[in-house]
Amino acid sequence: MKLLTYKTNETDSRLGFLHNNLVIDMEDFGKISNFPLPDDMLDLIDLGFEIIAEITELVLETSKETFDEIGCQLDQITILAPIEKPRKNIIGIGLNYTEHVAESARTLDTTGKLPQKPIIFSKPTTTVTGTNTEIIKNTKLTSQLDWEVELAVVIGKKGKYVPKTDAMDYVFGYTVINDISARDCRREGQWIVSKGQDTFAPLGPFLVTKDEIENPHNLNLSLKVNGVEKQNSNTKFLLFNINDLIEDLSTVFTIEAGDIIATGTPSGVGAGRNPQEWLYDGDIVEATIEGIGTIVNTVKEI
């Protein structure tokens, strides 16, 4: 199921899903189905992944005419980030594709050695923004704004010391994240100033439930700047895959429903190019992952 958070000219933030290219409001669908459903993504996740099977069954029992009556077209809504305000910082994973390790060593202050354990950082919740919004480049802070397309994993339930063999039981779904990075804002090896500025985590456009993704470790992901492809790879090249990450992270701290894990970016970032390339005012960035969708953002200098 493709879930989305959206608004219209008449409503504030709402939860919906796509069905036959129509946007169906989740709460309204629950009312006509006599099956109460929430109007918020985190509230839906809290119900457990099993709720998706129940909703899917209700969808199959609902007529096309009913969906035509309650649905609306995508061009009638504004898509927001699937989780507008995460409960906790986004969990970022650094240097998780081999070729990105190599390009980072050439141009940044990394060693070039393959990590033996996942490199973990975080992005504040205020970094989150949706598709078709602006990425704010604060020119007082950075002149080296960079892009990073990544698969984001959304956790579906609380877990501690999760073995990798059980890790997928803790996944609710997947979305696209662009881990925007200010390369000249690293401080003595710390990444949060580089990664944590407002709007530095475009997210979306949809949250695709895990049953819709046959193999999350075989998804093409790519990124374009002003229509020119900069990144093109596949999640099969992850150094630490999703199972590894959930096992490691849940050993360090408790993972909880709604947590977002940005799994790392492949090669092709601006800092790794010769000459280096950066984002400037008016640049349009498109981050795409197979089976999920594309988030589009425009750089705004202030």
Side-chain angles (χ1 to χ4, degrees), residues 45 49 82-83 86 88-105 110-123 147-179 181 191 195 201 203 206-223 231-269 272 287-293:
I45 294 171
F49 186 75
I83 300 176
K88 291 155 53 177
N89 279 13
I90 294 170
I91 305 160
I93 305 298
L95 304 175
N96 202 25
Y97 285 78
T98 303
E99 290 182 356
H100 181 54
V101 173
E103 72 176 359
S104 295
T110 55
T111 66
K113 296 179 181 178
L114 292 181
Q116 298 305 299
K117 292 183 177 181
I119 297 172
I120 305 168
F121 63 93
S122 76
K123 297 172 78 80
W147 57 81
E148 294 190 7
V149 61
E150 305 190 10
L151 175 68
V153 178
V154 179
I155 296 298
K157 64 180 180 179
K158 185 176 183 178
K160 181 68 174 174
Y161 304 116
V162 177
K164 65 178 66 178
T165 52
D166 296 338
M168 287 301 168
D169 294 340
Y170 291 79
V171 173
F172 188 85
Y174 308 95
T175 189
V176 183
I177 189 168
N178 189 350
D179 178 17
S181 306
W191 294 4
K195 304 279 193 176
L203 195 69
F206 309 113
L207 194 167
V208 180
T209 54
K210 65 180 177 181
D211 56 310
E212 295 285 327
I213 302 292
E214 182 177 355
N215 181 5
H217 297 122
N218 187 20
L219 296 175
N220 293 322
L221 68 169
S222 61
L223 183 140
Q231 291 182 279
N232 191 326
S233 190
N234 189 288
T235 56
K236 66 185 177 183
F237 298 117
L238 282 164
L239 183 58
F240 299 102
N241 67 22
I242 297 165
N243 302 67
D244 298 327
L245 294 176
I246 289 175
E247 180 180 70
D248 185 73
L249 292 168
S250 67
T251 300
V252 178
F253 48 77
T254 301
I255 58 173
E256 297 178 298
D259 282 356
I260 300 169
I261 304 170
T263 58
T265 198
S267 61
V269 300
T288 302
I289 297 182
E290 175 187 1
I292 301 175

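- Of all non-hydrogen atoms in Gly268 and Trp147, the two that sit nearest each other are O-NE1, 3.1 Å.
- Between the OG1 atom of Thr251 and the NZ atom of Lys117 there is a distance of 9.0 Å, given to the nearest 0.5 Å.
- Residues Pro216 and Tyr174 have side chains in contact (heavy-atom distance under 4.5 Å, counting atoms from C-beta outward).
- A donor-acceptor distance shorter than 3.5 angstrom exists from the side chain of Gln116 to the backbone of Leu114, with no hydrogens or angles considered.
- In plain terms, the two heavy atoms of Pro82 and Thr175 that are nearest each other are CG-OG1, 3.9 Å.
- The two residues Ile213 and Gly291 have their closest heavy-atom pair at CD1-O, 4.1 Å.
- Minimum heavy-atom separation, Thr254 to Lys88: O-NZ, 3.4 Å.
- When the shell of 6.0 Å around NZ of Lys158 is examined, it contains 12 or fewer heavy atoms from other residues, nucleotides or ligands.
- Taking the side chain as every heavy atom from C-beta outward, Ile155 and Ile246 approach each other to under 4.5 Å.
- Here the side chain of Asn243 pairs no donor or acceptor atom with the backbone of Ala167 at under 3.5 angstrom.
- By the 4.5 Å heavy-atom criterion applied to side chains, Ile91 and Leu245 are not counted as neighbours.
- Here the CG-OG1 distance, from Leu239 to Thr263, works out to 11.5 Å after rounding to the nearest 0.5 Å.
- A heavy-atom distance below 4.5 Å is not found between the side chains of Asp259 and Leu249.
- Remark: Glu150 CD to Ile289 CD1 distance equals 8.5 Å, nearest 0.5 Å.
- Listed here is the closest heavy atom pair of Gly293 and Val176: O-CG2, 3.7 Å.
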Checking side chain to side chain contact (heavy atoms under 4.5 Å, CB included) for the pair Leu238/Ile93: CA distance, chi angles, key distance, verdict? CA-CA 11 Å; Leu238 282 164; Ile93 305 298; over 6 Å; no
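- When Asp244, Asp248, Asp169 are each tested for a salt bridge (charged side-chain N to carboxylate O under 4.0 Å, His left out) with Lys164, only one passes: Asp244.
- Rounded to the nearest 0.5 Å, atoms CG (Asn89) and CZ (Phe121) are 11.0 Å apart.
- Atoms CH2 and CD1, on Trp191 and Ile120 in that order, are 11.0 Å from each other to the nearest 0.5 Å.
- Closest approach of Ala152 and Ile177 over heavy atoms only: CB-CG2, 3.9 Å.
- Between Thr265 and Asp179, every side-chain heavy-atom pair lies at or beyond the 4.5 Å cut-off.
- Counting only distance, with no hydrogens or angles, the side chain of Glu247 and the backbone of Pro163 share no donor-acceptor pair below 3.5 Å.
- Checked by atom type and distance alone, the side chain of Thr235 pairs as donor or acceptor with a backbone atom of Leu219 at under 3.5 Å.
- Remark: the backbone N or O of Val162 is paired with a side-chain donor or acceptor of Ser250 at under 3.5 angstrom.
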Checking side chain to side chain contact (heavy atoms under 4.5 Å, CB included) for the pair Ile260/Leu203: CA distance, chi angles, key distance, verdict? CA-CA 10 Å; Ile260 300 169; Leu203 195 69; 4.0 Å; yes
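- Using a 4.5 Å cut-off on side-chain heavy atoms (C-beta onward), Thr288 and Val149 make no contact.
- In the model, Asn218 has a side-chain atom that pairs as donor or acceptor with a side-chain atom of Asn234 under 3.5 Å.
- Here the side chains of Leu221 and Gln231 are not in contact, with every heavy-atom distance at 4.5 Å or above.
- Of the possible donor and acceptor atoms, none in the side chain of Asn220 sits under 3.5 Å from a partner among the backbone N and O of Glu290.
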Checking side chain to side chain contact (heavy atoms under 4.5 Å, CB included) for the pair Phe172/Thr209: CA distance, chi angles, key distance, verdict? CA-CA 6 Å; Phe172 188 85; Thr209 54; 4.1 Å; yes
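- Checked by atom type and distance alone, the side chain of Lys195 never pairs as donor or acceptor with a backbone atom of Lys123 at under 3.5 Å.
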